[in-house]
Amino acid sequence: MTTLDLFTDLPQPTPAEKVRQLRRDLERYSHAYYVLDNPIVPDSEYDRLYRELQALEARHPELVTPDSPTQRVGGAPLAQFEKVQHRIPMLSLQNGFDEAEIEAFDRRVSEELGIQAVEYTAELKFDGLAVNLRYEKGQLVQAATRGDGTTGENITANVRTIQCIPLRLDTEQPPPLLEIRGEVLMYKQDFQDLNKRQLENGQKTFVNPRNAAAGSLRQLDSRITASRRLRFFAYGLGELEGAAPLQSQQQMLDWFMQMGLPVCPERRTVTGYQGLIAFFKEIHARRDTLPYEIDGVVYKVNRLAQQQKLGFVSHAPRFALAHKFPAQEMLTQVLDIDVQVGRTGAITPVARLKPVFVGGVTVTNATLHNEEEVRRKDIRIGDTVIVRRAADVIPEVVSSVLEKRPEDAREFIMPTHCPVCGAPIIRPEDEAVARCSGGWINCPAQKKRGLELFASRKAMNIEGLGEQLIDQLVDKAVIQDAADLFTLDVPTLAALDRMAEKSAANLVAECGKAKETTLARFLYALGIRHVGETTARTLAEHFGSLQAIIDAPEEQLLQVEDIGATVAASIKAFFADGHSMALVNRLQANGVHWPEGGGKKQDQVLAGKRFVLTGTLPSLTRDQASEIILSLGGKVSGSVSKKTDYVLAGAEAGSKLEKAQALGITILTEEDFLAMTKTGKLV
Ligand code: D41
């Protein structure tokens with residue numbers, strides 16, 4: 001007998017058995033993929049089994065059941081959503097915003113219960129949509145929005161398309177009735193992908209993942225919902241009939257998980273308000289690295305008996321509190337749009353906003369980047385707009401709220417002439433940026449911004465020479481250019497507003513000190529377009545002397561690592577310009593000097609290694625870390641790419657860390673980094 005005979009002799013499964021087996025397998029694979037984020041078979045295997053099940057069901061329509069994985073999408077589009085009554089209302093959450101409010105909450109709970117150290121469950125607060133899932137005998141029979149808490153809308157067809165939501169609970173003895181409450185949301189990556197697709201298809205994009213999730217759930221045609229990747233996390237219980245020996249919130253969530261429901265693993269049992277605050281701080285720091293958006297954390301008294309004892313205030317339970325992050329998005333009004341002139345003459349439209357507290361600071365203006373951006377986002381003067389300020393990011397105008405547009409809203413018009421020097425504004429056809437054609441010699445704005453760069457820490461490092469002083473020096477014609485800084489005397493400076501003898505003397509001393517510099521700093525300070533700190537350093541190291549750079553033909557510049565055609569052309573143009581060369585000569589004549597000839601690097605520990613810094617390090621500042629890297633021959637760049645060798649990550653590291661993880665780049669803590677640079681042993 002051959003092996004083959006052995007198998008063919010086995011009893012063949014009936015179609016019904018085969019269908020059951022296929023469903024069990026598909027559910028298991030799907031659960032591993034969508035809920036546990038841990039696929040156990042390749043997609044191709046899943047697809048093969050899925051098609052096999054589809055084929056079998058086509059041949060045996062009597063075997064099709066609503067909980068089959070093939071039945072997630074189906075049915076004709078609805079005309080409207082039906083209303084659904086929540087027998088047990090979906091309550092809202094009380095909010096707290098600062099530590100004092102959290103402490104007060106804990107004190108209240110502790111007093112009510114007569115317990116010293118109350119045990120809490122701390123969870124994430126997802127920025128999604130609350131929904132109620134109704135399971136009867138383990139089958140998903142209805143899904144509804146929260147609505148006003150008592151009446152929601154029936155969105156069953158849409159919710160059935162959410163892959164991580166089981167159509168059937170994975171348990172031998174499902175309760176006769178079980179309502180699960182949780183949040184439907186969209187991951188940040190899926191949101192980006194969706195918007196990209198929408199753009200490609202000429203359809204409207206969504207402002208944030210929450211709106212995208214809401215828009216996707218509100219579709220009358222569930223096939224559209226199915227094409228959007230929505231997720232779900234369970235956090236609470238509605239109606240329940242039948243046994244569930246639950247004592248605590250944590251047990252409840254574990255029970256949900258056992259039945260195949262998605263529950264977020266980022267939760268913890270803690271004691272007292274110190275435990276709550278510690279959880280809040282940790283999550284706040286990690287917020288940007290999470291794949292979904294959260295707007296805070298939620299604390300719940302862990303023991304269900306204690307929850308019951310505490311009861312409710314109007315529409316919110318007294319056992320729970322949402323500890324919210326400062327809002328990252330707020331509505332405000334565009335009072336005006338005017339333009340700023342940058343160092344290179346770039347004209348940037350800036351929205352002047354009605355002051356608004358967002359992301360922990362008061363924002364009064366936000367860059368609109370360029371003319372095209374204003375048109376694309378269709379932002380007008382008078383509009384109500386969404387202003388966003390994420391951690392460590394400059395405030396931006398996300399979009400305008402069209403429903404609130406007043407009739408007299410005005411479109412932004414790019415001025416034809418520089419508002420500062422009056423020179424024509426020119427925008428080359430192939431560029432997004434319009435520029436003042438005055439040049440730094442004629443345009444005070446360009447001159448001032450150039451001087452700011454010149455004096456800045458990474459350039460000539462003239463401490464005490466800030467924006468306001470520079471404005472005065474230029475406006476009162478005390479100086480014509482950077483070279484004049486080195487001939488300033490105390491009486492002249494002391495005569496300026498807000499300057500005393502002492503501060504004047506300090507500034508003169510600072511300028512004196514700054515004369516002794518390095519070629520790299522000097523090059524950077526000149527503000528040559530496209531020559532940033534790193535390029536300046538590369539140039540200095542490569543050529544060793546200023547004259548060598550001035551004399552270098554374009555082909556020679558192009559041979560330098562990381563210098564392309566744009567940069568090379570810009571360097572040539574700068575030194576070909578009479579005004580620039582005159583300035584360079586006057587700076588040197590006024591005593592600015594640096595050691596020439598040296599500086600070429602060799603045998604340095606980090607030679608050629610590219611670093612990206614992200615987040616806040618425990619002890620080093622970003623500049624200090626950069627300084628160390630650069631001094632050991634490494635490079636620091638702003639964004640993560642395949643070329644990045646290391647990412648040095650601290651607290652509140654954001655998307656850069658995520659990207660680095662995705663690309664498999666070595667991630668260093670400050671400790672790793674310091675060990676590596678001290679020992680010279682690379683990891
Ligand atoms: O993540 C959330 N947004 C979340 C919302 C959560 N983690 N827990 C919640 N718990 C409740 C109670 C305590 C009332 C069951 C909630 C919400 N409610 C909630 N979401 C929307 C309104 C209320």
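Just so you know, residue 1 is the first one in the sequence shown, and it goes up from there.
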* Asked: Mind checking whether Phe232 and Leu185 have side chains closer than 4.5 Å, heavy atoms only?
  -> no
message: Using side-chain hydrogen bond (donor to acceptor under 3.5 Å, both in side chains), reason through Gln307 and Arg318 one step at a time and then give a plain yes or no.
response: CA-CA 8 Å; Gln307 289 191 358; Arg318 285 161 71 185; over 6 Å; no
Here the pair of heavy atoms bringing Ala649 nearest to Ile667 is CB-CG2, 4.1 Å
For a 4.5 angstrom cut-off between non-hydrogen side-chain atoms, does Leu124 reach Ile283? yes
**Request:** Show your reasoning for whether salt bridge (charged side-chain N to carboxylate O under 4.0 Å, His left out) applies to Asp25 and Arg28.
**Result:** CA-CA 5 Å; Asp25 287 344; Arg28 205 153 48 83; 3.5 Å; yes
Determine, using ring centers only, whether Phe280 and Phe325 are less than 6.0 Å apart. yes
Run the numbers on Ser619 and Glu670 for side chain to side chain contact (heavy atoms under 4.5 Å, CB included), then give the verdict. CA-CA 8 Å; Ser619 58; Glu670 182 184 284; 2.4 Å; yes
### Message
Parallel, tilted or perpendicular: which one describes the rings of Phe126 and Phe233, with boundaries at 30° and 60°?
### Response
parallel
The complete set of side chain to side chain donor-acceptor pair (under 3.5 Å) pairs with one or both residues in residues 164-176, sequence neighbours excluded, reads Glu27-Arg168
Original post:
Stepwise, does the side chain to side chain contact (heavy atoms under 4.5 Å, CB included) test hold for Leu177 with Leu240?
Top reply: CA-CA 5 Å; Leu177 173 63; Leu240 169 67; over 6 Å; no
Fill in: Ionic contact status for Asp295 with Lys125, cut-off 4.0 Å
yes
Residues at least two apart in sequence or cross-chain that pass side chain to side chain contact (heavy atoms under 4.5 Å, CB included) with Arg181, listed by chain then number, are His86, Ile88, Met90, Asn132, Glu179, Tyr235
Per side-chain contact (heavy atoms from CB on, under 4.5 Å), Ile165 is matched among Leu230, Val35, Ile180, Leu133 by Leu133
For a side chain to side chain contact (heavy atoms under 4.5 Å, CB included) check, start with the C-alpha distance between Gln328 and Arg389, then their side-chain angles and the critical distance, and finish with the verdict. CA-CA 5 Å; Gln328 289 190 311; Arg389 184 184 173 272; over 6 Å; no
Note: Val358 and Glu329 closest approach over all heavy atoms is CG2-N, 3.8 Å
So side chain to side chain donor-acceptor pair (under 3.5 Å) across residues 672-683, not counting sequence neighbours, yields Thr669-Asp672
Arg287 meets the salt bridge (Lys or Arg N to Asp or Glu O under 4.0 Å) criterion, sequence neighbours left out, with none
> Under a 4.5 Å cut-off applied to non-hydrogen side-chain atoms, are Glu123 and Arg268 in contact?
Replying inline: no
Fill in: Minimum side-chain heavy-atom gap Lys458-Asp623 below 4.5 Å
yes
In short, salt bridge (charged side-chain N to carboxylate O under 4.0 Å, His left out) pairs touching residues 97-109 with sequence neighbours left out are Glu99-Lys281
* Asked: Passes side chain to side chain contact (heavy atoms under 4.5 Å, CB included), Val184 versus Val131? Steps please.
  -> CA-CA 7 Å; Val184 168; Val131 299; 3.7 Å; yes
In terms of heavy-atom contacts, Met330 and Ala327 come closest through SD-CB, 3.9 Å
Quiz item: ring-ring contact (aromatic ring centres under 6.0 Å, His included) between Tyr120 and Tyr299: does it pass, once the steps are laid out?
Solution: CA-CA 6 Å; Tyr120 297 97; Tyr299 310 135; 7.1 Å; no
Decide yes or no for His323 and Leu276: does some side-chain heavy atom of the first lie under 4.5 Å from some side-chain heavy atom of the second?
no
Test Asp254 against Gln250 for side-chain hydrogen bond (donor to acceptor under 3.5 Å, both in side chains), laying out the working first.
CA-CA 6 Å; Asp254 288 339; Gln250 285 294 358; over 6 Å; no
Test side-chain hydrogen bond (donor to acceptor under 3.5 Å, both in side chains), reference Thr65, set Gln71, Gln139, Arg23, output is Arg23
In Leu668, Val647, Thr644, the residue satisfying side-chain contact (heavy atoms from CB on, under 4.5 Å) with Phe611 is Leu668
TODO: Output yes when Glu652 and Arg286 qualify as a salt bridge under the 4.0 Å nitrogen-oxygen rule, no when they do not.
DONE: no
Minimal heavy-atom distance between Glu658 and Leu290, with the atoms involved, is OE2-O, 3.9 Å
Exercise. Do the charged groups of Arg134 and Glu136 touch, with an N to O distance under 4.0 Å?
Worked result: yes
For Thr614 and Gly654, the nearest pair of non-hydrogen atoms, with its separation, is OG1-N, 3.5 Å
| field | Thr121 versus Asn302, side-chain donor and acceptor atoms under 3.5 Å | value | yes
So salt bridge (charged side-chain N to carboxylate O under 4.0 Å, His left out) across residues 148-163, not counting sequence neighbours, yields Lys83-Glu153
Taking every heavy atom of Ser216 against every heavy atom of Arg228, the minimum-distance pair comes out as OG-NH1, 2.9 Å
